[in-house]
Protein chains: 2
Amino acid sequence: MAQSFTEENYLKHIYKLSRKSDKGVSTNALAERLETKASSVTDMIKKLAAKKLVDYKKYQGVTLTNKGLKIAVDIIRKHRLWEVFLLEHLGFGGTEVHEVAEELEHINSPELVERLDKFLGYPKYDPHGGPIPDNKGVFPAPARVRLNELETGKKTKVMGIAEHSNAFLAHLKKLGLELGQEFLLKERFDFDHSVEIELNDKTIQLSHDVAKNIFVAY
Amino acid sequence: MAQSFTEENYLKHIYKLSRKSDKGVSTNALAERLETKASSVTDMIKKLAAKKLVDYKKYQGVTLTNKGLKIAVDIIRKHRLWEVFLLEHLGFGGTEVHEVAEELEHINSPELVERLDKFLGYPKYDPHGGPIPDNKGVFPAPARVRLNELETGKKTKVMGIAEHSNAFLAHLKKLGLELGQEFLLKERFDFDHSVEIELNDKTIQLSHDVAKNIFVAY
DNA sequence: ACTGATATTTAGATAAGTCTAAAAATAGAT
DNA sequence: ATCTATTTTTAGACTTATCTAAATATCAGT
Ligand SMILES: [Mn+2]
Ligand SMILES: [Mn+2]
Ligand SMILES: [Mn+2]
Ligand SMILES: [Mn+2]
């Protein structure tokens, strides 16, 4: 039972939006992401729910079932593998790639994906650092990135630090930012590159100096 | 004004069928080729005619306009370039390739095609000998193939001979098969590999021995 | 708890592509 | 020239995906 391009794009974006919070993905958030209308989203969600690819209760947002998750992750795998090919083998520049990958990700041939993966040398990350799940849907150990480089809106986790002074360690401990601590990067302020994060229901600010010395999951 | 996958497939098959004879392509021939119904074909032809991609008069079959021809040839270009990639770089076997190329040929990105062509070293023929048109739609000088290897139903032309005895030359002359002579390969008989061809409104038989010594346009 | 704003769903319409069944045109044979 | 078989077109219906406008539910501030 193969999916249409449209269904696949919905599943992928439900997946991506669901990573930003624990609740179900809202109709409007999906509509904005997919550049379509909320009513169209409702229609499609119903269809996906009928196919058991998402769980859906009216007005309560939508979440992926295991079946839907598997498909979403596979689309991401294909998208990122194609981006590696386009950038590293065809010499594309950074920006043009995404749009083409957006089409190629829907080519339906498991054998093609396996052979492409092998041809590329089984890459674990795409050229932008995005992790590439393997053919069982398992993502590689998360890549590290400095907190000052992470996109806002991402839920992440402290993976390590770049500064090991006692003063810095004490500061982090006081903030509750110990190794493994999960938090949400809410905002970055342009004027001084400070960031606002949310952890354990508290919202706190971190200076650029602090943020750039914290490695977080990408 | 981009075409849908469906429209592109129609244009490609109109092109291929039109090579077999001079008349317009019949509705039934297209329906059979595209594994669809004649009524669906009529609907689509009307749509393509409205877009000026084909010329169409009721009951008179369909032919490509210059605009439609350009698109059809570009699809063939993409199909064959992808087949070169799949066979030579990803290590696909011979049969699985066509189906995947059938999807890839519709990926819409002129830059992708140019870069792929360069990556492949600007091949002139796909691994089955099919000529690959360049980015202006010009096919390379026709490849030669022995007549015993040509697909039936193809219109072709005598390009050369592999046997230069006086006896053979005289035989060909008597049959009317001189260099440059165009003809249609109508049928091949399995039991003795003899072939039936049509030239100048006459139908004649050629033995396997004769056929294998004639090079024809592929 | 009420009320206005916002988010979501429903109702009904449209366009693309397909199908079946019936009507119309063409081609072939007497 | 007429009849018949074949081809092609039309009419009407269905599915998928989309939209606008209207109805309904939820959320937030008082
Ligand atoms: Mn991308
Ligand atoms: Mn896509
Ligand atoms: Mn092919
Ligand atoms: Mn195709």
Side-chain angles (χ1 to χ4, degrees), chain A residues 1-14 17-18 20-63 68 71 75 102-103 105-106 108 201 203, chain B residues 1-14 17-18 20-64 68 71 75 102-103 105-106 108 201:
Chain A
M1 197 210 292
Q3 281 69 43
S4 69
F5 282 26
T6 307
E7 290 171 304
E8 289 183 347
N9 282 332
Y10 269 85
L11 292 172
K12 185 177 74 169
H13 287 290
I14 291 168
L17 289 169
S18 73
K20 299 208 178 181
S21 96
D22 298 329
K23 294 157 206 144
V25 174
S26 77
T27 302
N28 266 2
L30 259 176
E32 189 183 353
R33 192 65 105 79
L34 293 159
E35 297 180 63
T36 185
K37 301 295 171 182
S39 55
S40 303
V41 171
T42 301
D43 287 346
M44 180 57 80
I45 286 172
K46 284 180 181 169
K47 192 180 155 196
L48 294 174
K51 290 186 169 189
K52 310 273 188 197
L53 298 174
V54 299
D55 289 320
Y56 168 60
K57 285 220 176 84
K58 273 187 195 176
Y59 296 101
Q60 303 308 304
V62 67
T63 55
I71 294 166
I75 301 298
E102 205 57 51
E103 290 191 44
E105 69 189 358
H106 305 292
N108 179 26
D201 294 321
T203 295
Chain B
M1 198 208 292
Q3 280 68 43
S4 69
F5 282 28
T6 307
E7 290 170 304
E8 289 182 348
N9 283 331
Y10 270 85
L11 292 173
K12 184 177 74 170
H13 288 289
I14 292 168
L17 288 169
S18 73
K20 298 207 178 178
S21 98
D22 297 328
K23 293 156 206 145
V25 174
S26 77
T27 302
N28 267 2
L30 259 176
E32 190 183 351
R33 192 64 104 78
L34 293 160
E35 297 180 66
T36 186
K37 303 293 171 181
S39 54
S40 303
V41 172
T42 302
D43 288 346
M44 179 58 80
I45 286 172
K46 284 180 182 170
K47 192 181 156 195
L48 294 173
K51 290 186 170 191
K52 311 272 189 198
L53 298 174
V54 299
D55 288 320
Y56 169 61
K57 285 220 176 85
K58 274 187 195 179
Y59 296 99
Q60 303 309 304
V62 68
T63 55
L64 293 172
I71 295 167
I75 300 297
E102 205 55 53
E103 291 192 43
E105 70 189 358
H106 305 292
N108 178 26
D201 293 323

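Below, chain A is the first sequence line, B the second, and so on; all start at residue 1. Model, not experiment: these values are computed from the prediction.
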A quick test of your reading: do over 12 heavy atoms of other residues, nucleotides or ligands sit less than 6.0 Å from NZ of A:K51?
yes
Considering only heavy side-chain atoms of B:N28, the closest of D:dT8, C:dA7, D:dC19 is D:dT8
5'-most contact on DNA chain D (nearest-nucleotide basis), A:Q60 vs A:Y10, goes to A:Y10
When rounded to whole Å, the CD to C1' distance for the pair A:E32 and C:dA7 reads 13 Å
Of C:dT9, C:dT8, D:dT8, the nucleotide closest to the side chain of A:S26 is C:dT8
Report yes if a side-chain nitrogen or oxygen of A:T42 is closer than 4.0 Å to either non-bridging phosphate oxygen (OP1 or OP2) of C:dT8; otherwise report no. no
Note: A:N9 and A:L34 closest approach over all heavy atoms is O-CD2, 4.0 Å
A:Y56 atom OH is separated from D:dA25 atom P, nearest whole Å, by 13 Å
Crowded around A:K52 NZ? As in, over 12 foreign heavy atoms under 6.0 Å? no
| query | Just checking A:K46: base, sugar-phosphate only, or nothing, at a heavy-atom cut-off of under 4.0 Å? | reply | sugar-phosphate
Rounded to whole Å, the CZ-P distance (A:F5 to D:dT16) equals 17 Å
State, with a plain yes or no, whether a side-chain heavy atom of B:H13 is found less than 4.5 Å away from one of B:V25. no
Closest of C:dT10, D:dT26, D:dT8 to the A:Y59 side chain is D:dT26
From CD1 of A:I45 across to P of C:dA7 the rounded distance in Å is 15 Å
| Just wondering, do A:K12 and A:H106 contact through their side chains at under 4.5 Å, heavy atoms? | no
Please state whether the base of D:dT20 and the side chain of A:S39 form at least one donor-acceptor pair under 3.5 Å?
-> yes
Here the distance between atom P of D:dG12 and atom CG of B:D43, to the nearest Å, is 14 Å
Atom NZ of A:K37 and atom P of D:dA21 are separated, to the nearest Å, by 10 Å
From CD of B:Q3 across to P of C:dA16 the rounded distance in Å is 13 Å
Heavy-atom nearest nucleotide on DNA chain D taken for A:T36 and for A:K58; more 5' hit belongs to A:T36
Picking from C:dT8, D:dT9, C:dT18, the nucleotide nearest the side-chain atoms of B:T27 would be D:dT9
B:L30 atom CG is separated from C:dT18 atom P, nearest whole Å, by 12 Å
